[in-house]
There are 2 protein chains.
Amino acid sequence: MDACENHSHFGEGRVTARRRAIARAADAMPGAFTVDELSSAVRESAPGTGTATVYRAVAAMEAAGTLERVGARDGSALYVRCHADAHHHHLVCTGCGSVAHAECPLGEESVRALAGTGFTVTGHEITLYGLCPACATEHRTNPPTLATRKD
Amino acid sequence: MDACENHSHFGEGRVTARRRAIARAADAMPGAFTVDELSSAVRESAPGTGTATVYRAVAAMEAAGTLERVGARDGSALYVRCHADAHHHHLVCTGCGSVAHAECPLGEESVRALAGTGFTVTGHEITLYGLCPACATEHRTNPPTLATRKD
DNA sequence: ATGGTTGCAAATTGTTTGCACAGTA
DNA sequence: TACTGTGCAAACAATTTGCAACCAT
């Protein structure tokens, strides 16, 4: 329920009912999700939405920085809803698949240590895996089906 | 030319001429490569090698820890030849696609900083992007076609 | 001899695209 | 009105799989 119900999710693109439904479904996703999962979610509130449309919307949202691709599960790409602004990374719970944002764990010294390789590091990609507070307590009550695969 | 020309690359699996050719081609790859690229390379020394075989061999090598998947380029998975033993990460040159190994840049303090999220971090995945010494010098002589995409 | 490996072709499947139509700005 | 979004179906491409022959062990 951010005040950004208008233009934010898709950047330039137009705002249609479909897209609004897709944006809302993406916001409601508990953790990382595949396009197919998002499609299913969308169809609950907006039946008849075509898969291609969701793919196109996801592409638009990714371009707008509203969505970020975080690896893949099985054969399909995984996305997480996130804010474009700050530099951050993702913490994926291997128990339930929920995703949390994490500050960049790379300190200055860390980066400096890499200088020894001769490479000029221009960017990096980090995904952390672990157990969220809830899952850490239950500790293997539910089978870890989500977001465990890398890619 | 390691002394591990025998069982190492494929773990359990049997050692056949094809597999030996594939293993050698993988070792000869300069950086990250797709299965298709590896297939082409293999066919130069072992013509007639089927694509499916290469896919199967790659799967076996990945399982054996001989190969590691590092993201994807376009629609296909990228792999790098690497040693299973030590914990390390990859530095991908966005200029030429070559890959170097890098020590884990996550210091103790870095990890500790993440504790604030409540998550119990059990693992992580890091890929660094940058320019290798050669490309850093040339600096945009050749178009950056390789390994720039995440996934 | 036994069981994993290989090629080929067919089958899957995630994702993209063409096109005609609808809806937004 | 002009242009973008949408559905549907066809097109694509990477990867997988079935099967019969083959080859390490």
Side-chain angles (χ1 to χ4, degrees), chain A residues 5-26 32-40 42-43 45-64 66-67 69-79 147 149-151, chain B residues 5-26 32-40 42-43 45-64 66-67 69-79 147 149-151:
Chain A
E5 188 66 78
N6 6 341
H7 267 225
S8 32
H9 285 79
F10 299 94
E12 309 299 278
R14 292 184 182 172
V15 180
T16 68
R18 282 282 180 277
R19 259 141 118 101
R20 208 156 5 223
I22 296 173
R24 210 163 308 154
F33 54 88
T34 67
V35 175
D36 201 59
E37 288 163 355
L38 178 59
S39 288
S40 306
V42 170
R43 295 212 188 80
S45 68
T49 303
T51 312
T53 300
V54 181
Y55 269 100
R56 284 186 274 231
V58 165
M61 294 175 95
E62 191 186 3
T66 314
L67 241 46
R69 201 181 220 159
V70 291
R73 181 166 67 232
D74 293 313
S76 27
L78 275 182
Y79 295 87
R149 299 284 283 269
K150 357 189 240 179
D151 177 294
Chain B
E5 188 66 78
N6 5 343
H7 267 226
S8 33
H9 286 79
F10 299 94
E12 308 300 276
R14 290 185 183 171
V15 180
T16 67
R18 281 283 179 276
R19 258 140 119 100
R20 208 158 4 225
I22 295 173
R24 210 163 309 154
F33 54 89
T34 67
V35 174
D36 200 61
E37 288 162 357
L38 178 59
S39 288
S40 305
V42 169
R43 295 213 189 79
S45 68
T49 303
T51 312
T53 300
V54 181
Y55 269 100
R56 284 186 275 231
V58 165
M61 294 175 94
E62 192 186 3
T66 314
L67 241 46
R69 201 180 221 162
V70 290
R73 181 166 69 231
D74 292 314
S76 27
L78 276 183
Y79 296 86
R149 298 284 283 269
K150 353 190 246 182
D151 175 288

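This structure is a prediction, so every number in the text was calculated from the model and none was measured. Reminder, nothing fancy here: chain letters follow the sequence lines and each chain counts from 1.
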Just jot down the side chain to side chain donor-acceptor pair (under 3.5 Å) partners of B:Ser40, sequence neighbours excluded, or say none.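 Checked B:Ser40 against side chain to side chain donor-acceptor pair (under 3.5 Å); zero matches.
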Residues that B:Thr51 engages under side chain to side chain donor-acceptor pair (under 3.5 Å), provided they are two or more places apart: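 B:Arg43.
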Looking only at heavy atoms, what is the nearest atom pair of B:Phe10 and B:Ala60, with distance?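 B:Phe10 and B:Ala60 have their closest heavy atoms at CD2-CB, 3.8 Å.
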A:Ala21 to A:Val42 - nearest heavy-atom pair and separation: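 Scanning both residues completely, I find the closest heavy atoms to be O-CG2, 4.4 Å.
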I need the [atom1]-[atom2] distance between [X] and [N], as an integer number of Å.
X       : N      : atom1 : atom2 : result
A:Asp74 : C:dT15 : CG    : C1'   : 16 Å
A:Asp36 : C:dT15 : CG    : P     : 9 Å
A:Phe10 : C:dA25 : CZ    : C1'   : 17 Å
B:Arg20 : C:dT6  : CZ    : P     : 11 Å
A:Met61 : D:dG5  : CE    : P     : 13 Å
A:Tyr79 : C:dT15 : OH    : C1'   : 9 Å
A:Leu78 : C:dG14 : CG    : C1'   : 13 Å

Identify, between A:Arg19 and B:Ser76, the residue whose nearest nucleotide on DNA chain D lies closer to the 5' end.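 Closer to the 5' end of DNA chain D: A:Arg19.
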So B:Tyr79 and B:Val70, do their side chains get closer than 4.5 Å, heavy atoms only?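 No, their side chains stay 4.5 Å or more apart.
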Please work out if B:Arg56 contacts a base, only the sugar-phosphate, or nothing of the nucleic acid, heavy-atom cut-off 4.0 Å.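 Contact class for B:Arg56: base.
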Interface residues of residues 47-55 of chain A with DNA chain D (non-hydrogen, below 4.0 angstrom):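 Result for residues 47-55 of chain A: A:Gly48, A:Thr49, A:Gly50, A:Ala52, A:Thr53, sorted by number.
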Which of the following nucleotides, C:dT5, C:dT15, D:dG5, is nearest to the side chain of B:Arg14?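 Ranking C:dT5, C:dT15, D:dG5 by closest atom to the B:Arg14 side chain puts C:dT5 first.
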So which of A:Val54, A:Thr34, A:Ile22 actually passes side chain to side chain contact (heavy atoms under 4.5 Å, CB included) with A:Ser39?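 The passing option is A:Val54.
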Given D:dT6, is OP1 or OP2 found less than 4.0 Å from the side-chain N or O atoms of A:Thr16?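 Answer is yes, contact under 4.0 Å.
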Do B:Thr53 side-chain atoms and B:Thr49 backbone N/O form a donor-acceptor pair below 3.5 Å?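 Absent.
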